[in-house]
Amino acid sequence: MAFTRSVYGMWSVDPAKHSPIEDVQGIVTGSIVSALGFYILNKVGLLTGGTAGVAFLIHYAFGISFGLLFFLVNLPFYYLSFRRLGLAFSVKTFISIGLVSVLTELESRWMVIDSVNPLWAAILGGLLLGYGLLALYRHRASLGGIGILAIYIQDRFGIRAGLIQLAFDTCVMIAAFAVIEPKTVLYSIVGAFFLNMFLAINHRSDRYIVVR
């Protein structure tokens with residue numbers, strides 16, 4: 001039975017590896033759930049950390065498409081991704097970011113949310129992003145470049161990647177005060193908290209790569 005499953009490629013018999021079909025479903029479903037999280041945050045004017053936070057800031061300040069910005073903001077980090085984490089990870093991440101960018105633009109055509117409480121949107125959006133990122137991490141993919149840059153700086157200068165990520169996210173939230181209302185920034189911080197707590201509790205760093 002195990003041999004048959006392996007031959008047809010439906011799933012891997014090695015718990016530490018995934019078959020191509022498993023990778024496809026993980027990347028597609030992870031991207032769909034992440035796009036829904038971004039859509040809910042965007043619906044009430046919230047943001048999050050990482051490169052998505054930068055895309056949100058530019059989107060709110062100038063009205064440029066979030067999906068397009070999210071794709072463009074991540075482009076400079078693919079070289080570092082290839083150098084530090086390999087071709088397979090970089091290709092999967094590129095596909096994931098491309099899917100999320102497209103889906104966030106199509107979401108409003110397929111689903112309309114008339115009203116949602118900002119605090120609930122922050123919690124729900126953060127948890128959806130957590131679920132989406134967890135699925136992508138487990139299939140050796142990601143949704144952004146700040147984590148990749150943090151790993152590079154850690155290797156080059158010895159500064160912990162987690163501290164770099166935290167510092168960058170803090171800067172994003174501080175910059176947000178110039179673009180959106182303070183109350184909305186606080187809601188965004190709540191969403192980022194739920195996102196990171198979900199990943200901290202549910203992600204096994206000894207098995208999966210973590211880059212956000």
Here the pair of heavy atoms bringing Gly45 nearest to Thr184 is O-CG2, 3.2 Å
Taking Leu149 as the starting point, is it possible to reach Phe157 by hopping between hydrophobic residues whose side chains are less than 4.5 Å apart?
yes
Taking salt bridge (charged side-chain N to carboxylate O under 4.0 Å, His left out) as the cut-off, I'd like each qualifying pair that reaches into residues 86-102, sequence neighbours left out, listed once.
Asp23-Lys92
Heavy-atom side-chain contact between Leu106 and Arg109 under 4.5 Å
yes
Where do Leu133 and Leu195 land on the side chain to side chain contact (heavy atoms under 4.5 Å, CB included) test, with the steps shown first?
CA-CA 9 Å; Leu133 285 168; Leu195 163 61; 3.8 Å; yes
Of all the heavy-atom pairs spanning Asn202 and Arg138, show the shortest one and how long it is.
O-NH2, 3.4 Å
Less than 3.5 Å apart, which donor and acceptor atoms pair up between the side chains of residues 35-43 and the rest of the protein, not counting sequence neighbours?
residue : atom : partner : partner atom : Å
Tyr39   : OH   : Met111  : O            : 2.9
Asn42   : OD1  : His59   : NE2          : 3.2
Lys43   : NZ   : Ile113  : O            : 3.3

I'd like to know if the side chain of Ser31 reaches the main chain of Val100, judged simply by a donor and an acceptor atom lying under 3.5 Å from each other, with no hydrogens or angles considered.
no
Which atom names give the shortest non-hydrogen contact between Val116 and Ala121, and what distance separates them?
CG2-CB, 4.0 Å
If the condition is side chain to side chain contact (heavy atoms under 4.5 Å, CB included), which residues does Gln25 pass it with, not counting sequence neighbours?
Thr29, His139
Please tabulate, for side-chain N and O atoms in residues 64-80, each donor-acceptor pair with protein atoms closer than 3.5 Å (sequence neighbours left out).
residue : atom : partner : partner atom : Å
Ser65   : OG   : Gly67   : N            : 3.4
Ser65   : OG   : Leu68   : N            : 3.3
Ser65   : OG   : Glu105  : OE1          : 3.1
Ser65   : OG   : Glu105  : OE2          : 2.9
Asn74   : OD1  : Thr51   : OG1          : 3.0
Asn74   : OD1  : Gly145  : N            : 3.0
Asn74   : ND2  : Thr51   : OG1          : 3.4
Asn74   : ND2  : Phe70   : O            : 2.8
Tyr79   : OH   : Arg83   : NH1          : 2.6

Given 3.5 Å as the limit, does a donor-acceptor pair link the side chain of Asp169 with the main chain of Gly49, or not?
no
State plainly whether one hydrophobic cluster holds both Phe193 and Ile201, where clusters connect Ile, Leu, Val, Met, Phe, Trp and Tyr through side-chain heavy atoms under 4.5 angstrom apart.
yes
Summary of salt bridge (charged side-chain N to carboxylate O under 4.0 Å, His left out) pairs that have at least one residue in residues 182-202, sequence neighbours excluded
none
Kindly say whether the aromatic ring centers of Phe56 and Tyr60 come within a distance under 6.0 Å.
yes
Minimum heavy-atom separation for Ala175 and Leu57, please, with both atom names.
CB-CD1, 3.9 Å
Residues forming a side chain to side chain donor-acceptor pair (under 3.5 Å) with Ser81, sequence neighbours excluded:
Ser90
Output every pair passing side-chain hydrogen bond (donor to acceptor under 3.5 Å, both in side chains) with a member in residues 113-133, not counting sequence neighbours, ordered by first then second residue.
none
So, for Ala52 and Thr48, which heavy atoms are closest and what is the spacing to 0.1 Å?
CB-CG2, 3.8 Å
Dump the intermediate steps for side chain to side chain contact (heavy atoms under 4.5 Å, CB included) on Leu128 and Ser34, then the final yes or no.
CA-CA 6 Å; Leu128 285 169; Ser34 297; over 6 Å; no
Of all residues at least two apart in sequence or in a different chain, which pass the side chain to side chain contact (heavy atoms under 4.5 Å, CB included) check with Leu87?
Phe82, Val91
Membership question, hydrophobic clusters at under 4.5 Å side-chain separation (ILVMFWY): are Leu124 and Val112 in the same one?
no
Quick check on Phe177: does its CZ atom have over 12 non-hydrogen neighbours (other residues, nucleotides or ligands) under 6.0 Å away?
yes
